[in-house]
Amino acid sequence: MIGECLSEVENNGGLKRVLWALMLVISVAIYGSHAPLLTLCKVDGKIPFSASSVVVLTELTKLVFSFVSLLIWDRRQLGVSLSWHHAAPFALSALLYAANNNLVVHMQLFMDPSTYQVLSNLKIGSTALLYSMFLHQRLSLHKWLALFLLTAAGVSYTYGGLQDLQHSSSSPEMQLHVTLIGLLLISVYCLISGLSAVYTEVILKTQDLPLTFQNLFLYFFGVLLNLIVHLLSSKGDGFLDGFSFWVLVIVVSQALNGLIMSVVMKHSSNITRLFVISCSMLVNALLSVLLFSLQLTTFFFLAVLLIGLAVHLYYGVK
């Protein structure tokens, strides 16, 4: 549907820019609200549902949205000739995404959550490097500097952008801790994160196929692989145990964001996606202050400054 809307307004530059900006704003809002929504889901300080169940349902929702979009808005595309050659590359995409999702869980056994949040910002660099290599996009020096500032902004915010004054006096100062195995796993995580995103972008752009069909292939394999992972890791709990209204909001919003990101990778690039994710920390901070009475720190304002400089250097400097 989103891809169809873009093509319909292709000859109207102003409307296309408005639609594009609206999608990016929605994506920023969804990325930024994810962590606060997870906090709202907690019961006695713990996540009550299976993370793998949420991933399966999110992939399934994206698959259903894509199928409905095909039937309602892209019906004329039903006559397109398809073969397994079109679908097969997306199996690797889904496998890489599934591997990354599971790696996030296991590698936190070798580091504290704060260290994971800080070091995971290194995937900005790995994604940019792989994007430059696989899509043959030579980035200028000031663009590399912009991406470095974007990484520094993420590190600054995740290290101490928000502060809980109610517990700061009784809680010790945050200490980062990571083992050697943890460093190895976070390196693999950043590599797979960048590779999965860039590889998917390459497929979306090189295949002469409507985005709706590409989404159907990607999310079909996504459902299949993540369902297998869920069945193998399930401890006997019900599939929907611990679900609430907020969990459903997470599923639907993440599904919508996945569809938006497929449009971004098809018609723009993973670099745009990196900027969207970085800008989402502003929404995350706003919601954290409003919902949980957290306080902004100097690290937050430093992150905002760095993001502003990064956006200017990447998109404003010729």
Evaluate V178 against F110 for side-chain contact (heavy atoms from CB on, under 4.5 Å), listing each step before the verdict.
CA-CA 6 Å; V178 59; F110 303 94; 5.9 Å; no
**Q.** Test log, rule side-chain contact (heavy atoms from CB on, under 4.5 Å), inputs S93 and I203
**A.** CA-CA 9 Å; S93 284; I203 299 174; 3.7 Å; yes
If you apply the rule side-chain contact (heavy atoms from CB on, under 4.5 Å), what do you find for F221 with L92, and how did you get there?
CA-CA 9 Å; F221 287 116; L92 180 55; over 6 Å; no
Under the side-chain contact (heavy atoms from CB on, under 4.5 Å) rule, what do F243 and L57 come out as? Steps first, then yes or no, please. CA-CA 11 Å; F243 272 55; L57 279 181; 3.3 Å; yes
Do N270 and E201 pass the side-chain hydrogen bond (donor to acceptor under 3.5 Å, both in side chains) test, and can you show the C-alpha distance, the side-chain angles, and the key distance before you say yes or no? CA-CA 7 Å; N270 265 291; E201 180 180 347; 2.6 Å; yes
Query raised in the report: Is there a side-chain hydrogen bond (donor to acceptor under 3.5 Å, both in side chains) between H142 and S140 once you walk through the steps?
Result: CA-CA 6 Å; H142 68 264; S140 61; 3.2 Å; yes
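Considering only heavy atoms from C-beta on, Y116 stays 4.5 Å or farther from T158 through its side chain. Residues F275 and L147 have side chains in contact (heavy-atom distance under 4.5 Å, counting atoms from C-beta outward). Residues V283 and Y31 are not in side-chain contact: their nearest non-hydrogen atoms beyond the backbone lie 4.5 Å or more apart. Side-chain contact between L40 and L37: present, with at least one pair of heavy atoms (C-beta onward) separated by less than 4.5 Å. Between F300 and S288 there is no side-chain heavy-atom pair separated by less than 4.5 Å. Counting heavy atoms from C-beta on, the side chains of L122 and V155 never come closer than 4.5 Å. Contact annotation: the side chain of M107 never approaches that of S120 to less than 4.5 Å [non-hydrogen atoms, C-beta and beyond]. The shortest distance between side-chain heavy atoms of S244 and V43 does not fall below 4.5 Å.
One distance of note links CG of L24 with SG of C279; it measures 9.5 Å at 0.5 Å rounding. A distance of 8.5 Å separates OG in S27 from CG in L256, rounded to the nearest 0.5 Å. Taking OG of S253 as the start and CG of L248 as the end, the distance is 10.5 Å to the nearest 0.5 Å. Between atom CG of residue L95 and atom CG of residue N226 there is a gap of 10.0 Å, rounded to the nearest 0.5 Å. N102 contributes atom CG, which lies 12.0 Å from atom NE2 of H230 (distance to the nearest 0.5 angstrom).
Closest of all the heavy-atom pairs between L296 and A285 is CD2-CB, 3.9 Å. When all heavy atoms of I250 and C41 are compared, the closest pair comes out as CD1-SG, 3.8 Å. Nearest heavy-atom pair across A87 and F217 is CB-CD2, 3.7 Å. Considering all non-hydrogen atoms of both residues, T58 and A255 come closest at CG2-N, 3.7 Å. Of all non-hydrogen atoms in N101 and V55, the two that sit nearest each other are ND2-CG1, 4.1 Å.
No donor-acceptor distance shorter than 3.5 angstrom exists from the side chain of K123 to the backbone of I186, with no hydrogens or angles considered. A donor-acceptor pair is defined here as one N or O able to donate and one able to accept, closer than 3.5 Å; such a pair exists between the side chain of S196 and the backbone of S193. Not a single donor-acceptor pair under 3.5 Å links the side chain of S132 to the backbone N or O of A128. Judged by distance alone, with hydrogens and angles left aside, the side-chain atoms of S69 form no donor-acceptor pair with the main-chain N or O of F65 at under 3.5 Å.
When each of N215, L211, L71 is checked for a side chain to side chain contact (heavy atoms under 4.5 Å, CB included) with S66, only N215 meets the rule.
V229 and V223 fall into different hydrophobic clusters, defined by Ile, Leu, Val, Met, Phe, Trp and Tyr side-chain heavy atoms under 4.5 Å apart, directly or through other members. A continuous path of Ile, Leu, Val, Met, Phe, Trp and Tyr side chains, each step under 4.5 Å between heavy atoms, connects V276 with Y131, placing both in one hydrophobic cluster. The hydrophobic clustering, which links ILVMFWY residues whose side-chain heavy atoms are closer than 4.5 Å, places L259 and V25 apart. The cluster map of Ile, Leu, Val, Met, Phe, Trp and Tyr, joined by side-chain heavy atoms under 4.5 Å apart, puts I260 and V18 in different clusters. Using a 4.5 Å cut-off between side-chain heavy atoms of Ile, Leu, Val, Met, Phe, Trp and Tyr, with links allowed through other members, I47 and V249 fall into the same hydrophobic cluster.
Atom CH2 of W144 has more than 12 neighbouring heavy atoms from other residues, nucleotides or ligands inside a 6.0 Å radius. Environment of CZ in F134: sparse, with no more than 12 heavy atoms of neighbouring residues, nucleotides or ligands closer than 6.0 Å.
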